[in-house]
Colleague: 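I'd like to ask you about the structure that follows.
Residue numbers run from 1 in the order of the sequence given. Start at 1 and go down the list; that is how both ligands and their atoms are numbered. Computation of the quantities below employed the complete heavy-atom set of this structure, encompassing side-chain atoms and omitting hydrogens, waters and symmetry-equivalent molecules. All values derive from a computational prediction rather than experimental measurement.
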Amino acid sequence: MKVFLIGYMGSGKSTLGSKLAKELKLPFMDLDILIETHTGMSIPAFFAKNGEPNFRQLEAEMLRLNTLQHDAFVMSTGGGTPTFYDNIGWMNQKGISVYLEMSPKALVSRLKDGKSQRPLLSHLTHEELEPFISSQLAQRTLYYKTAHLIINGLSPNVQSIAQQLQSMGYSK
Ligand code: S3P
């Protein structure tokens, strides 16, 4: 089984991903960390040096490469991953996608202290954060909502999600 966790920055994809992997007894991968290991640079440093278009190209390549190289896994992806290069089509075809849904308000409260690590948010003032997140989330929701499974990001129940994934009967 290949499970892809998708959702906006701050929705808890990495935390849930590693718990879900343990529950399903599968290896866990974090796409951002795969990119950082591959480039030897942090995501903010890569954005600053090479720009977003190069990041998106590498992100799409690393997503495909790691999907093909591993038989079964839980992978948390970046907030923007589903919205570029038909990555969402790839994930939906190759495995099971899970969207961690969360309201803009909840995301703002989670991201206000962690925005320096996120190149798309780091330049925003506190007042600019909520309108930016609301508008970007609205654009991205179109992609997120095509996931096979949509769950509430605020209080995800790991065991119940694992059971749902197993009972979905996918051989992917
Ligand atoms: C991004 C989200 C980040 C990272 C990059 C771009 C985005 O990952 O991939 O900063 O476009 O939403 P997280 O969702 O893990 O913060």
Colleague: Working note: R56 + E52, criterion salt bridge (charged side-chain N to carboxylate O under 4.0 Å, His left out); need CA distance, chi angles, decisive distance, verdict.
Modeller: CA-CA 6 Å; R56 296 304 175 190; E52 184 174 356; 2.9 Å; yes
Colleague: Between S14 and D30, do the side chains contain a donor N or O and an acceptor N or O under 3.5 Å apart?
Modeller: yes
Colleague: Report the distance from atom CZ of R110 to atom NZ of K105, rounding to the nearest 0.5 Å.
Modeller: 16.0 Å
Colleague: Residues sharing Y85's hydrophobic cluster, by side-chain heavy-atom contacts under 4.5 Å among ILVMFWY, directly or via others?
Modeller: F84
Colleague: So which protein residues pack against ligand 1 under 4.0 Å, heavy atoms counted?
Modeller: M9, K13, D32, I43, F55, R56, G78, G79, G80, R118, P119, L120, R140
Colleague: Rounded to the nearest 0.5 Å, what separation is found between the OH atom of Y99 and the CZ atom of R140?
Modeller: 10.5 Å
Colleague: Without swapping roles, check the side chain of K2 against the backbone of T67 for a donor-acceptor pair under 3.5 Å.
Modeller: yes
